[in-house]
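What follows is one structure encoded as structure tokens, with my remarks underneath.
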Protein chains: 2
Amino acid sequence: MVKNESEKQTEEKIFDAAMAVFEEKGFATARMQEIADRAGINKALLHYYFRSKDHLFDAVFEKRLGDMFSKIFGVFMSDKPFEEKIKAYYEEHISFFEKNPRLPNFIMSEIALNPQRLAKRFSKIDYAGLRDVVMEKNGKELAEYNIGKEDWPQLMITIISLTVFPFAAQEIIKVLLQRIGQETDFNQFMNYRKTFASDFVMNSLKNRKKI
Amino acid sequence: MVKNESEKQTEEKIFDAAMAVFEEKGFATARMQEIADRAGINKALLHYYFRSKDHLFDAVFEKRLGDMFSKIFGVFMSDKPFEEKIKAYYEEHISFFEKNPRLPNFIMSEIALNPQRLAKRFSKIDYAGLRDVVMEKNGKELAEYNIGKEDWPQLMITIISLTVFPFAAQEIIKVLLQRIGQETDFNQFMNYRKTFASDFVMNSLKNRKKI
DNA sequence: GTCTATAGAAGGATAGAC
DNA sequence: GTCTATCCTTCTATAGAC
């Protein structure tokens with residue numbers, strides 16, 4: 001599917017509209033008509049450029065899966081002390097999701113409904129490589145925290161949980177925050193979370209050290 | 001919708017089948033035909049008992065929302081020291097989700113796709129009451145950990161994240177565990193997590209204390 | 001490349017017999 | 001209460017003109 005410059009304009013409009021609609025409605029509820037409308041073109045053109053709803057979805061899904069993981073990998077692959085990485089991660093990850101609030105749910109629920117999509121697209125993500133780089137660059141610090149190779153997956157999932165879950169469950173959290181009558185809204189909650197989460201993780205690791 | 005005993009048999013079969021199918025496929029992808037097949041009855045009967053796909057879904061959704069939250073509330077409303085609650089929570093919550101692995105995703109994604117469903121059904125969940133009970137029973141301990149009223153939502157979301165997110169993202173985690181070539185499978189991972197998570201939380205709180 | 005018109009299939013819902 | 005048959009709408013996908 002090589003495209004020349006004149007095609008790009010339309011193809012991009014379609015892609016962007018599809019991204020918005022799929023993320024908002026999910027694959028099954030998304031309508032080709034709505035994507036066409038938002039792109040400002042005709043329904044038939046969608047098929048001209050992307051052949052089918054499935055193909056269009058796959059294109060969007062792959063892109064967004066990449067967005068999701070490269071954000072995480074970027075920080076942890078970098079060349080900082082572990083505590084710096086934690087701080088940078090929460091700062092950047094939460095800021096990123098503030099601009100892409102539906103992304104966590106989109107990825108997780110589409111995978112849950114259709115795990116084959118993951119298998120098709122996930123080969124590029126080099127998770128073992130991430131672990132090796134972090135172990136090489138921060139292994140000594142982590143050893144002081146009593147995090148060995150077999151605790152690494154637990155720690156990573158823990159770190160990620162603290163940002164991804166609140167966005168995935170944001171509609172519930174919004175209701176809860178109202179319900180307890182604090183003036184905090186969701187955005188403030190997530191902003192405060194940048195420091196709360198990184199303190200929480202580092203406090204735990206530093207205490208673990210002394211066991 | 002009061003029902004006599006003879007109705008109950010069939011109505012329950014339908015409800016159980018619907019629960020399974022909705023959780024597996026999501027509202028939009030679920031088919032009335034498949035629900036009927038699994039219940040071992042005819043499609044028309046679904047409408048006789050539940051009027052429409054929407055009504056049937058609402059019944060299932062309300063039940064499952066209750067299951068989800070009562071599990072959390074049960075532990076934290078109880079009468080134990082906070083550290084005991086944490087341990088009991090991770091033990092019970094993870095065991096529960098091992099039997100209901102699709103529940104977290106089901107709740108979160110259906111709410112994300114259709115937040116009105118939440119508004120309709122969420123009024124029963126007394127979140128402020130939960131906070132007040134915990135504050136009353138464990139307030140002193142939490143004060144020692146430097147958790148005041150405004151940190152309470154952050155702490156609760158943190159605690160819950162650590163169990164709910166891994167189940168919601170389980171298909172991704174399964175791939176990651178394979179990828180790093182550890183012999184751990186997802187079930188073992190979650191079993192180990194019962195103690196990892198409670199240690200992680202308590203280590204953090206106890207260190208926070210000394211700041 | 002872009003549009004209009006329409007084919008064709010799927011799926012929720014109901015009518016009506018038993 | 002339960003079934004068969006069928007209606008009717010919705011939506012993806014394509015044919016064909018410009």
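Order of the sequence lines fixes the chain letters, A, B, ..., with proteins taken first and strands second; residue numbering starts at 1 for each chain. Atom set for the values below is all heavy atoms of this structure, side chains included, hydrogens, waters and symmetry mates excluded.
- One atom, CG of A:N42, and another, P of C:dT6, lie 14 Å apart when rounded to the nearest Å.
- For C:dT14, neither phosphate oxygen OP1 nor OP2 lies less than 4.0 angstrom from any side-chain nitrogen or oxygen of B:H47.
- Considering only heavy atoms from C-beta on, B:M32 comes within 4.5 Å of B:H47 through its side chain.
- Straight-line distance from the CG atom of A:L45 to the P atom of D:dA15: 16 Å, rounded to whole Å.
- Distance A:Y48 OH to D:dG16 C1': 15 Å, rounded to the nearest Å.
- Here C:dT6 presents its P atom at 16 Å from CD of A:Q33, a figure rounded to the nearest Å.
- Note: CD1 (A:I14) to P (D:dA13) measures 14 Å, nearest angstrom.
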Determine, stepwise, if the pair A:K174 / A:E171 fulfils salt bridge (charged side-chain N to carboxylate O under 4.0 Å, His left out).
-> CA-CA 5 Å; A:K174 284 172 190 169; A:E171 295 299 328; 3.5 Å; yes
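- Under the ring pair (Phe, Tyr, Trp, His ring centres under 6.0 Å) criterion, A:F97 pairs with A:H93, A:F167, not counting sequence neighbours.
- The base of C:dG12 is paired with the side chain of B:K43 by a donor and an acceptor separated by under 3.5 Å.
- When heavy atoms are screened at a 4.0 angstrom cut-off, A:A30 is found touching the sugar-phosphate backbone but no base atom.
- In this structure, A:D37 places its CG atom 16 Å from P of C:dT2, rounding to the nearest Å.
- Taking side-chain N and O atoms only, B:R31 has a distance below 4.0 Å to OP1 or OP2 of C:dG12.
- When B:I180, B:I172, B:L177 are each tested for a side chain to side chain contact (heavy atoms under 4.5 Å, CB included) with A:Y127, only one passes: B:I180.
- For A:T10, a side-chain nitrogen or oxygen approaches OP1 or OP2 of C:dT2 to under 4.0 Å.
- Across C:dA13, D:dA13, C:dC3, the shortest atom-to-atom separation from the side chain of B:M32 is found for C:dA13.
- As rounded to whole Å, 11 Å separates atom P of D:dT12 from atom CD of A:E34.
- A cation-pi contact, defined as under 6.0 Å to the ring centre and within 45° of the axis, is absent between B:R64 and B:F22.
- Taking atom CZ of A:F50 as the reference point, atom P of D:dA13 lies 14 Å away to the nearest angstrom.
- Phosphate contact (OP1/OP2 of D:dT2, side-chain N/O of B:Y49, threshold under 4.0 Å): present.
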